[in-house]
Amino acid sequence: MEDCVFCKIIKGEIPSTKVYEDEFCFAFLDIEPVNVGHILVIPKKHVETIDKMTKEDLCNLNEGILKVSKGILKIADGLNVMQNNRWIAGQEVSHVHFHLIPRYEGDGYKFNWVRDEGVTEEENKEFLEKFGKFIS
Ligand code: 5GP
Ligand code: ZN
């Protein structure tokens with residue numbers, strides 16, 4: 001896609017620090033890392049969000065995610081995998097990407113998830129009724 005930063009990175013039109021590449025995926029260091037070795041794994045095919053991927057697209061990408069994860073876990077003490085979809089969920093670049101964030105003892109980094117104790121059974125029931133129509 002013409003205006004996509006990540007498509008430009010894949011084509012080499014924008015420089016990046018590549019750490020891994022295969023037929024389907026490209027992996028490179030995040031320009032604004034959360035931690036040392038923060039890697040983005042992206043499909044070579046431009047797809048905006050995970051729901052737009054085919055099963056095959058995702059399986060192909062998974063090979064790269066697995067390889068990079070194994071590499072990270074040889075060096076780091078832990079690993080967080082994160083994937084944002086749509087702006088409300090924090091997606092800034094509209095090309096599917098998985099954040100692979102190495103974790104180190106004492107790095108002090110915390111996912112700031114605030115648990116919503118106000119979620120009711122009724123709300124979950126309503127959600128599941130809608131969800132059931134789309135899942136099989
Ligand atoms: P999002 O917020 O969409 O889940 O994450 C997008 C990520 O892409 C951010 O962590 C951001 O630092 C990274 N990023 C955006 N533009 C570039 C770039 O030009 N080069 C690299 N290496 N990373 C980028
Ligand atoms: Zn793209």
Side-chain angles (χ1 to χ4, degrees):
M1 215 221 187
E2 250 175 47
D3 287 333
C4 173
V5 176
F6 286 176
C7 283
K8 286 183 180 166
I9 285 179
I10 293 164
K11 285 189 259 173
E13 292 170 7
I14 292 177
S16 71
T17 307
K18 182 175 88 174
V19 298
Y20 174 76
E21 181 179 13
D22 63 27
E23 191 185 344
F24 304 104
C25 98
F26 193 90
F28 56 103
L29 288 182
D30 194 298
I31 205 166
E32 287 185 275
V34 166
N35 220 340
V36 175
H38 179 166
I39 292 171
L40 297 173
V41 183
I42 65 176
K44 284 191 171 169
K45 178 173 155 186
H46 178 90
V47 197
E48 288 190 9
T49 46
I50 196 164
D51 56 312
K52 301 281 183 353
M53 297 179 88
T54 64
K55 187 164 92 177
E56 208 181 12
D57 290 339
L58 192 56
C59 285
N60 290 334
L61 185 65
N62 264 336
E63 246 184 88
I65 292 171
L66 186 60
K67 244 187 194 148
V68 175
S69 297
K70 284 186 176 186
I72 288 175
L73 284 167
K74 292 262 190 265
I75 301 159
D77 302 313
L79 167 68
N80 289 121
V81 180
M82 188 145 176
Q83 202 269 320
N84 303 324
N85 295 280
R86 300 184 186 163
W87 69 270
I88 192 87
Q91 183 177 16
E92 286 175 3
V93 179
S94 297
H95 180 131
V96 163
H97 49 280
F98 281 76
H99 293 263
L100 272 64
I101 304 171
R103 301 300 306 276
Y104 306 97
E105 282 287 334
D107 62 15
Y109 173 64
K110 283 195 182 81
F111 276 113
N112 204 12
W113 280 3
V114 180
R115 306 281 171 178
D116 186 348
E117 287 165 18
V119 174
T120 63
E121 267 182 46
E122 192 52 40
E123 284 170 318
N124 265 339
K125 206 174 133 211
E126 231 175 83
F127 169 84
L128 290 175
E129 273 163 18
K130 292 181 200 158
F131 185 68
K133 293 186 189 131
F134 302 109
I135 205 96
S136 55

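Only heavy atoms go into these numbers, but all of them, side chains included; no hydrogens, no water, no symmetry mates.
Pairs passing the ring pair (Phe, Tyr, Trp, His ring centres under 6.0 Å) check and including a residue from residues 38-76, sequence neighbours excluded, read His38-His99, His46-His95. Among residues at least two apart or in separate chains, there is no side chain to side chain donor-acceptor pair (under 3.5 Å) pair with a member in residues 60-75. Residue pairs meeting the side chain to side chain donor-acceptor pair (under 3.5 Å) criterion with at least one partner in residues 5-15, sequence neighbours excluded, do not occur; the list is empty.
Other residues, nucleotides and ligands place no more than 12 heavy atoms under 6.0 Å from the CD atom of Glu23.
When all heavy atoms are compared, the tightest approach of Ala76 to Pro102 is CB-CB, 3.7 Å.
Phe127 is connected to Ile135 through a chain of hydrophobic side-chain contacts under 4.5 Å among Ile, Leu, Val, Met, Phe, Trp and Tyr, so both are in one cluster.
Partners of Asp107 by salt bridge (Lys or Arg N to Asp or Glu O under 4.0 Å), not counting sequence neighbours, listed by chain and number: Arg103. By the salt bridge (Lys or Arg N to Asp or Glu O under 4.0 Å) test, Asp30 is found to be paired with no residue, residues two or more places apart in sequence or in another chain being considered. When the side-chain contact (heavy atoms from CB on, under 4.5 Å) test is applied to Asp3, no partner is found at least two apart in sequence or on another chain. For Lys52, the salt bridge (Lys or Arg N to Asp or Glu O under 4.0 Å) test picks out no residue, with sequence neighbours left out. In this view, Glu123 satisfies the salt bridge (Lys or Arg N to Asp or Glu O under 4.0 Å) rule with no residue, not counting sequence neighbours.
Put simply, the side chain of Lys125 never gets that close to the backbone of Thr120: no donor and acceptor are under 3.5 Å apart.
Hydrophobic cluster of Val81: the remaining members, joined at side-chain heavy-atom separations below 4.5 Å, are Val19, Tyr20, Leu29, Ile39, Val41, Val47, Ile50, Met53, Leu58, Leu61, Ile65, Val68, Ile72, Leu73, Leu79, Val96, Phe98, Leu100, listed by chain and number. Other members of a hydrophobic cluster containing Met1 are absent, since no ILVMFWY side chain comes under 4.5 Å of it, directly or through relayed contacts. Membership of the apolar cluster around Leu40 extends to Val5, Phe6, Ile9, Ile10, Ile14, Phe26, Phe28, Ile42, Val93, as traced through chained side-chain contacts below 4.5 Å between ILVMFWY residues. Side-chain contacts under 4.5 Å among hydrophobic residues (ILVMFWY), followed directly or transitively, place Val36 together with Tyr104.
Between Glu48 and Gln91 the shortest side-chain heavy-atom distance does not fall below 4.5 Å.
Between the CG atom of Asn85 and the NE2 atom of His97 there is a distance of 8.5 Å, given to the nearest 0.5 Å. Note that CD1 of Ile101 is 4.5 Å distant from OH of Tyr109, once rounded to the nearest 0.5 Å.
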